[in-house]
Undergrad: 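Quick one: this structure, given as structure tokens, is what I'll be asking you about.
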Protein chains: 2
Amino acid sequence: MIFELTVLGSSSALPTSTKFPTAHALNVHGRFFLIDCGEGTQIQLRKAKIKFSTINHIFISHIHGDHVFGLLGLLSSFNLLGRKYPLHIYGPQELELLLKFFTTHFAEELSFEIQFHPLTERKNQMVYEDKVLEVVAFPLKHRVPTFGYLFKEKKRLLNIRGDQIRKHALSINQIQSVKSGADIHLEDGTLLLNNELTEPAYRQRSFAYCSDTAVYKKNSALLKGVDLLYHEATFLDRDKKLAKATGHSTALQAAQMAQWSDAGQLLIGHFSNRYKGNEELLAEAQSVFSNTSVAGELMQFQVPLSRFNS
Amino acid sequence: MIFELTVLGSSSALPTSTKFPTAHALNVHGRFFLIDCGEGTQIQLRKAKIKFSTINHIFISHIHGDHVFGLLGLLSSFNLLGRKYPLHIYGPQELELLLKFFTTHFAEELSFEIQFHPLTERKNQMVYEDKVLEVVAFPLKHRVPTFGYLFKEKKRLLNIRGDQIRKHALSINQIQSVKSGADIHLEDGTLLLNNELTEPAYRQRSFAYCSDTAVYKKNSALLKGVDLLYHEATFLDRDKKLAKATGHSTALQAAQMAQWSDAGQLLIGHFSNRYKGNEELLAEAQSVFSNTSVAGELMQFQVPLSRFNS
């Protein structure tokens, strides 16, 4: 039941010899959700040993080259490998231009279907849902239409205790009721309270992705209690005017966002190349939010499974 | 007076964790000529410590993604860095689609001019010339319009020997004549033969690039005596039917091409991922043309300066 983020690319717009443009992969129970897809993403996926076949959903924040150019190569490789499963791509409406350019000129015969889910309205919206996960897109504040994504596990059925099943000889139907949270009335009139029959519930784990964006406090309501927050920190506080002018955040602002959101852990990246090393950016963020880490290529950040009262 | 090829990407269409899609940089006397531009080329250029400002000419073989997708990121970075010098791009007419897509959607305000030189005719044609170098494009045999490129140093002026200048008190005009190959008549009637006054001439060095292509013997006439030949070798001889069907070559055919061209050295790459390791491909090529090497990421192949009779 893994819930883990792998950083594939941590650079801002100008990659270096060691830092790739933006891309991340979230592993939710063994399935990978790709978030942004900068140039070289497919090479980074190979390095991280993430199988292409485990990726069925790609979430794109905005249509700047350093967040999307890797799509062309990745889709080409999916095609060369004869992929059959549909690929779902979520992102601002404008992304369609890139996808159409690709399918028109670089994939006359595509072996798989691309299902594009355009985000046309600037509002919070659930864009994906399965048995264990839901994904909400939310507007960010950048120079072009941009969305962040909140990945959150769904509430799970309760784990019923085996010893209680045996002790009370519970039927299949009774077990299902208990797992859904119900108390049980036995035929002899005894009331069995749900919390005596079950383990404490697992916490729903969550990851939020905010890049690229100026600081945008409003989103902290949606992100309340998020376990792992990735927030861009392109600039240092001393360059906050530049951050505002370009639709980016400072390390301080990223940390404030983590604080406002009661985040468990903050991950910062997308640093401008003007700064040598990460120390100053990290120190600035940690001065406000101590549990901050710097994103680096192929680093992994796991949110462990935990029970509510454990 | 360096003449050196750096391999930036050696893979065929599917990159791996260590092999990038096709790209090469030729250093001619300190200026770099980029040949093909697969995904990640800008990252490989950084690793090779090749300054972006030394690249003014890019030669594209054909419009398959693994040879061009890196253009988008590279042009974006040139723009972000505020490049001023025009960039010359050479390639099949169809490349214009990609360049227009880029300038329309990813570079509203481009800081530099892109001068596209489309190749519209299937014939040998000189596409570039400066004081020291000329570049001839020539047709290859692939599934889409594809061109190879021959880079050849121009004939140099002769080096006049200092001891002879002093001995005969030659004037500036006489020195120029000697450098151009003339004999000299002194006022006293003495005839000084040019080869007594000069060092033997330097050989004109050359590099030819053939990828992607089926074997195409006809080109060996143009390539006669080439110092360094890069020729794709996607398949082994046992898969030659597949090579023919897909417009690719076998290692054996690449070696035959080197033999027909009287090449000095053969470099093979673009191997299909179906083969584990390079040994069999190299052995096959060397069975026909012994001076064969395998192209690998960031490997450099220099053609040393030499005089005709040295």
Side-chain angles (χ1 to χ4, degrees), chain A residues 8-9 11-22 37-50 52 62-82 94-98 100-102 104-108 143-144 246 272-273 297-298, chain B residues 8-9 11-22 37-50 52 62-82 94-98 100-102 104-108 143-144 246 272-273 297-298:
Chain A
L8 300 171
S11 92
S12 54
L14 281 171
T16 68
S17 60
T18 55
K19 289 170 77 176
F20 280 70
T22 303
C37 190
E39 182 179 2
T41 294
Q42 62 170 326
I43 289 166
Q44 294 296 85
L45 285 168
R46 294 293 193 197
K47 286 189 202 160
K49 299 191 192 305
I50 295 172
F52 287 4
H62 66 300
I63 317 308
H64 278 161
D66 57 320
H67 293 249
V68 296
F69 283 159
L71 270 178
L72 298 167
L74 185 63
L75 299 183
S76 295
S77 292
F78 280 168
N79 198 31
L80 279 167
L81 292 166
E94 295 77 2
L95 181 57
E96 196 161 26
L97 283 167
L98 185 78
K100 277 202 172 154
F101 177 73
F102 171 74
T104 306
H105 301 296
F106 290 94
E108 279 174 38
R143 308 192 300 276
V144 295
T246 56
S272 164
N273 286 353
E297 269 60 19
L298 305 185
Chain B
L8 300 171
S11 91
S12 54
L14 281 171
T16 68
S17 61
T18 56
K19 289 170 78 176
F20 281 71
T22 304
C37 192
E39 182 178 3
T41 294
Q42 63 170 326
I43 288 167
Q44 295 296 84
L45 285 169
R46 294 294 195 199
K47 285 189 202 161
K49 299 193 192 307
I50 295 172
F52 287 4
H62 67 298
I63 317 309
H64 278 161
D66 57 321
H67 292 250
V68 297
F69 283 158
L71 271 177
L72 299 167
L74 185 64
L75 298 182
S76 295
S77 291
F78 280 167
N79 198 31
L80 280 166
L81 292 167
E94 296 77 3
L95 180 58
E96 195 161 27
L97 283 167
L98 185 78
K100 278 201 171 155
F101 177 73
F102 172 75
T104 307
H105 300 297
F106 291 94
E108 279 174 38
R143 308 193 299 275
V144 296
T246 56
S272 164
N273 287 351
E297 269 60 20
L298 305 185

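In this text the structure is predicted, and so the values were computed from the model without any measurement. Here is how names work: the chains are called A, B, and so on, in the same order as the sequence lines, proteins then strands, and each is numbered from 1.
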Undergrad: Looking at chain B, which one of H64(A), K19(A), Q42(A) has the largest number of heavy-atom pairs inside 4.5 Å, strictly under?
TA: Q42(A)
Undergrad: Between N273(A), L45(A), T18(A), L14(A), which shows the greatest number of heavy-atom pairs under 4.5 Å with chain B?
TA: L14(A)
Undergrad: By a 4.5 Å heavy-atom criterion (distance strictly below it), what part of L80(B) contacts chain A: side chain, backbone, both, or neither?
TA: side chain
Undergrad: Can you tell me how the ring of F69(B) sits relative to the ring of F102(A), calling it parallel under 30°, perpendicular over 60° and tilted otherwise?
TA: tilted
Undergrad: Relative to chain B, which segment of S11(A) carries a heavy atom at a distance below 4.5 Å: side chain, backbone, both, or neither?
TA: neither
Undergrad: As an exercise: rank K49(A), H105(A), Q44(A) by heavy-atom pairs under 4.5 Å with chain B and give me the winner.
TA: H105(A)
Undergrad: Could you tell me which portion of S77(A) (side chain, backbone, both or neither) has an atom closer than 4.5 angstrom to a non-hydrogen atom of chain B?
TA: both
Undergrad: State the OG1-CG distance between T104(B) and L97(A), to the nearest 0.5 angstrom.
TA: 9.5 Å
Undergrad: Side chains of P15(A) and R46(B): closer than 4.5 Å at any heavy-atom pair?
TA: no
Undergrad: Any heavy-atom pair between the side chains of V68(A) and F106(B) that's under 4.5 Å?
TA: yes
Undergrad: Heavy-atom distances under 4.5 Å only: say whether L81(B) touches chain A with side chain, backbone, both or neither.
TA: side chain
Undergrad: Do L72(B) and L72(A) make a side-chain contact, defined as non-hydrogen atoms from C-beta onward lying under 4.5 Å apart?
TA: yes
Undergrad: Taking E39(A) for the side chain and G40(B) for the main chain, is one N or O donor matched with an acceptor at less than 3.5 Å?
TA: yes
Undergrad: Identify the heavy atoms of P21(B) and I43(A) that sit nearest to each other, and give their distance.
TA: CD-CD1, 4.2 Å
Undergrad: For E94(B), which residues count as a side-chain hydrogen bond (donor to acceptor under 3.5 Å, both in side chains) partner, sequence neighbours excluded?
TA: none
Undergrad: What is the ring orientation for F101(A) with F101(B), classed by angle as parallel under 30°, tilted 30 to 60°, or perpendicular over 60°?
TA: parallel
